[in-house]
Amino acid sequence: KKGKAAGWLYKDGYTGISIDFQDYRAHHLAWLYVYGYLPDFIDHINGRRSDNRIENLREATPELNQQNRKGAQANNRCGLLGVCWHKENKRW
């Protein structure tokens with residue numbers, strides 16, 4: 001409806017928009033509209049999947065995209081991003 005936000009919210013938190021019976025993620029459409037192309041990865045800087053303001057989106061690598069995941073991985077022993085235990089040197 002006029003004046004309402006377009007689309008719907010997927011269970012995973014992303015916003016979906018349908019155009020000509022084809023479903024798209026809203027952040028992909030926003031990026032395409034502003035920049036005219038679609039990169040392989042688009043990252044939500046603040047981690048909120050439904051926040052599709054262009055200033056909250058950035059072109060990303062797979063590694064950068066994974067950094068916004070909520071919480072540490074199950075095998076993370078220190079809780080810090082990019083820090084790991086070196087067995088031989090016995091140092092972080």
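All residue numbers in this chain count up from 1 along the given sequence. Everything numeric in this text was worked out from a predicted model, so none of it was measured.
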K.L.:
Is there a donor-acceptor pair under 3.5 Å between the side chain of Arg58 and the backbone N or O of Ile45?
P.N.:
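No; judged by distance alone, with no hydrogens or angles, the pair does not exist.
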K.L.:
When clusters are formed by joining ILVMFWY residues with side-chain heavy atoms under 4.5 Å apart, either directly or through shared neighbours, do Tyr35 and Leu38 land in the same one?
P.N.:
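Yes, because Tyr35 and Leu38 connect within a single hydrophobic cluster, where side-chain heavy atoms sit under 4.5 Å apart.
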K.L.:
Any sub-3.5 Å donor-acceptor pair from Asn56's side-chain atoms to Asn46's backbone N or O?
P.N.:
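Confirmed, Asn56 side chain pairs with Asn46 backbone.
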K.L.:
Please confirm whether the ring centroid of Tyr10 lies under 6.0 Å from the ring centroid of Trp8.
P.N.:
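Yes, ring centres under 6.0 Å apart.
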K.L.:
Using the side-chain contact (heavy atoms from CB on, under 4.5 Å) rule, pick out the option among Ile42, Leu57, Asn52 that qualifies with His28.
P.N.:
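Filter result, single survivor: Ile42.
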K.L.:
Does Asp20, at its CG atom, have more than 12 non-hydrogen atoms belonging to other residues, nucleotides or ligands within less than 6.0 Å?
P.N.:
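Atom CG in Asp20 is not crowded, with 12 or fewer foreign heavy atoms closer than 6.0 Å.
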K.L.:
Would you name the heavy atoms of Leu64 and Asp43 that are closest together and state the gap between them?
P.N.:
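The answer is O-OD2, 4.3 Å.
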K.L.:
Might you point out which heavy atoms bring His44 and Arg49 nearest each other, and give the distance in Å?
P.N.:
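Taking His44 first and Arg49 second, the nearest heavy atoms are NE2-O, 3.3 Å.
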K.L.:
Nearest 0.5 angstrom please: Leu32 CG to His27 NE2, how far?
P.N.:
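The CG atom of Leu32 sits 12.0 Å away from the NE2 atom of His27.
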K.L.:
When Ile, Leu, Val, Met, Phe, Trp and Tyr are grouped by side-chain heavy atoms lying under 4.5 Å apart, directly or through other members, which residues fall in the same group as Phe21?
P.N.:
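None; Phe21 is a cluster of one.
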K.L.:
With sequence neighbours excluded, tell me which residues meet salt bridge (charged side-chain N to carboxylate O under 4.0 Å, His left out) with Glu88.
P.N.:
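For Glu88 there are no salt bridge (charged side-chain N to carboxylate O under 4.0 Å, His left out) partners, ignoring immediate neighbours.
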K.L.:
For Tyr37, give me all partners under side chain to side chain donor-acceptor pair (under 3.5 Å), at least two apart in sequence or on another chain.
P.N.:
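Tyr37 satisfies side chain to side chain donor-acceptor pair (under 3.5 Å) with Glu59 only.
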